[in-house]
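Below, chain A is the first sequence line, B the second, and so on; all start at residue 1. Just so it is clear, the model here is predicted, and its values are computed rather than measured.
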Number of protein chains: 2
Amino acid sequence: MLDPKRLQALQAVATTGSVREAATQLGYSSSAISQQIAALEVDSGSVLLEPAGRGVRLTPAGELLARHATRIFEQLAQAESELMALNAGQLGSLRLASFASAGAELVPPALAQLHARLPGLDVTLRSEVPEEALALLRRGLIDVAVIEVHDEVGGDGLVYTPLLTDVYRIVLPRGHRLAKRRTVALADAAGETWIRLGNHIGCCRRNTLAAFDRAGFTPTFVIEADEFWPAQGFVAAGMGLALLPSLALGVIRSDVVTRPLRPDAAPSRDVYAVTRPALSDTTAVKTAVAALVDAAQRDVVA
Amino acid sequence: MLDPKRLQALQAVATTGSVREAATQLGYSSSAISQQIAALEVDSGSVLLEPAGRGVRLTPAGELLARHATRIFEQLAQAESELMALNAGQLGSLRLASFASAGAELVPPALAQLHARLPGLDVTLRSEVPEEALALLRRGLIDVAVIEVHDEVGGDGLVYTPLLTDVYRIVLPRGHRLAKRRTVALADAAGETWIRLGNHIGCCRRNTLAAFDRAGFTPTFVIEADEFWPAQGFVAAGMGLALLPSLALGVIRSDVVTRPLRPDAAPSRDVYAVTRPALSDTTAVKTAVAALVDAAQRDVVA
DNA sequence: GTAACTTACGCTTATCGTAACCATA
DNA sequence: TATGGTTACGATAAGCGTAAGTTAC
């Protein structure tokens, strides 16, 4: 295989017309260029340069190689410029997965901001439960995962950025006796019936059960809702009360009300943006995570 | 500028899927590949490889560079294959110049043979006097010159290949007293009148004058012909005799005859194929010169 | 005589391989 | 425990520059 470095020397001679000027252009001595081309002549098995007056001239073989060299270095320059664009987040794609309630409330404004800042980025979003999102992340099929967790995170080689702590609120039918209070102690609702959350909705079920446990009673479940929206419906229908995370309460039925729980007793889930170390320094991922942090901040304030 | 050698390492990892196999493919140790890519990561300012299970995976930046690397090395391979074709004479062009009488008799069969052997070669022919042909050769505007010379040749940095010695013959009107002889001694024609050759026709004029001088008489010129064909006409018209080179006698008028001169007295011109050293080893030029030698051989025999 | 290219030669520097180390399945 | 990747380090060889040699104007 012909050595590109040597081709570059030849190409410089072709464009400048002399060994001396080629050396100047490339920052070498004439000797270096002369030796490069001599080596290239051995490699290619052709005479590439011939004396012409006091200078040199390219042979047909030399012209042919110089022509190709030009194309090769153009290609190389294009690779560099595309890489710059990729590094700047002006090019390429960003694949994101989030759990359902974040995908509805947190992610859309974040992606809007991301798109405003990096219009050239091809952003795709899918909805996945946390474990699946992490698996996809590890397999390189997505670049950023927005997940909910309860335990400590990290130590698994992934990069976690905390977004917000999503506090559970109690959801009551309008006119319920507890609706008069600004905050509700879970123990005061010990006699109520409850809407249970489906097992597949992240870790909400385990989360709420732990809260009942801390409140000192075992709840009576009358029905199971497999999504957050039907859960509100069951509450409105008077079948029972529900504990739902704030992120799932972006839209609240007019015939139900929500109240915060006493802080010490309130269950919560932590929301993180996760990525791989190799991507964590790219502009695309950094901008995306920053946008998520931003959106989370505004969500908490609101 | 990104180092192509390092890009090659990355591309090998991209195609094989592992550092180890890439090393095997390129004939290096794993360590070398790892170091190449580490260096490329510094050059490019991007993470290109990330751990994936027990092996590695390319990042988007890595994929981008690998993609470009593929194109670059394809281009390089194409350059090599075109160069091979050029070296084999299956590609490219061959520009040839010859003096007029060779261009009529010697060159056409040679070029026919050249075309048969190297059909891919783009051959062009122009007619030039020897000095001009040599000047064009030196300036790189032609590749092979077919010239006539009288003095010794060489020592000027060009490569000379002798083709033939073109002997002058005496041209007589049919029925002339000297036409009965098989060979003519120039001294026997001392009393005749002569057709002078134009100054621009190579070196024929000087050549013939020297022959008269050797024969011991000064010829009486009655008219000057600026081409060989009219010279035959003047002879046929009975205006005088002429000395013309054999190569110019490919076509002979029916009302004139030609006879060889006594060997010791016969003037002659030497015909050479000339090229530049840088081209003398190329298949195209070697084949062309060989074809000229071949044609000259057949011409002499005939 | 001068300008340009090439050749010779010593030295710097890049880069490879061996071997030890680390991580993963 | 074995496989694949990376890091450390010594050895090798490629490639540069200086300087002398050669050729053309």
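- Panel note: side chain A:Arg276, backbone A:Ile142; a donor-acceptor pair is recorded below 3.5 Å.
- Taking a 4.0 Å limit (strictly below) on heavy-atom distances, residues 9-20 of chain B reaches DNA chain D at B:Ser18, B:Val19, B:Arg20.
- Using a distance-only test at 3.5 Å, with no hydrogens or angles considered, no donor-acceptor pair links the side chain of A:Arg95 to the main chain of A:Leu137.
- Around CE of A:Met84, the count of heavy atoms belonging to other residues, nucleotides or ligands within 6.0 Å does not exceed 12.
- Judged as a side-chain hydrogen bond (donor to acceptor under 3.5 Å, both in side chains), and not counting sequence neighbours, B:Thr59 has no contacts.
- For the atom pair A:Glu148 CD and A:Leu163 CG, the distance stands at 12.5 Å (nearest 0.5 Å).
- Sorted by residue number, the members of residues 49-62 of chain A with any non-hydrogen atom under 4.0 Å from DNA chain D read A:Gly53, A:Arg54.
- Proximity of a side-chain donor or acceptor of A:Ser34 to a complementary backbone N or O of A:Ser30 within less than 3.5 Å is not detected.
- Under a 3.5 Å cut-off, the side chain of B:Gln90 and the backbone N or O of B:Gly120 do not form any donor-acceptor pair.
- Overall bending of the helix from C:dG1-D:dC25 to C:dA25-D:dT1, expressed as the angle between end axes built from five pairs apiece, is 30° (10° steps).
- Between B:Leu106 and B:Leu164, the closest side-chain pair of non-hydrogen atoms falls below 4.5 Å.
- For A:Arg138, the salt bridge (Lys or Arg N to Asp or Glu O under 4.0 Å) partners are A:Asp156, not counting sequence neighbours.
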*asked:* Using a 4.0 Å heavy-atom cut-off to protein, can you give one letter per nucleotide of nucleotides 9-21 of chain D, 5' to 3': B if the base is in contact, S if only the sugar-phosphate is, - if neither?
replied: ------SBBB---
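- Every residue meeting the ring-ring contact (aromatic ring centres under 6.0 Å, His included) condition with B:Tyr160, not counting sequence neighbours, appears here in chain and number order: B:Tyr272.
- Nucleotides of DNA chain C that come within less than 4.0 Å of any heavy atom of chain B span, from the 5' end to the 3' end, C:dT15 to C:dA25.
- For B:Asp294, the salt bridge (Lys or Arg N to Asp or Glu O under 4.0 Å) partners at least two apart in sequence or on another chain are B:Arg298.
- Note on residues 8-24 of chain B: pairs passing side-chain hydrogen bond (donor to acceptor under 3.5 Å, both in side chains), not counting sequence neighbours, are B:Gln11-B:Thr70.
- The closest donor-acceptor contact from the side chain of B:Thr275 to the backbone of B:Val144 lies at 3.5 Å or more, if one exists at all.
- For B:Arg6, the salt bridge (Lys or Arg N to Asp or Glu O under 4.0 Å) partners are B:Asp3, B:Asp43, not counting sequence neighbours.
- Residues from residues 136-145 of chain B that place a heavy atom under 4.0 Å from any atom of DNA chain C: there are none.
- A donor atom on one side chain and an acceptor atom on the other are not found under 3.5 Å apart for A:Gln78 and A:Glu74.
- Side-chain atoms of A:Asp166 come within 3.5 Å of backbone N or O of A:Leu247 as a donor-acceptor pair.
- Of the possible polar contacts, none joining the B:Ser31 side chain to the B:Ser29 backbone as a donor-acceptor pair under 3.5 Å is found.
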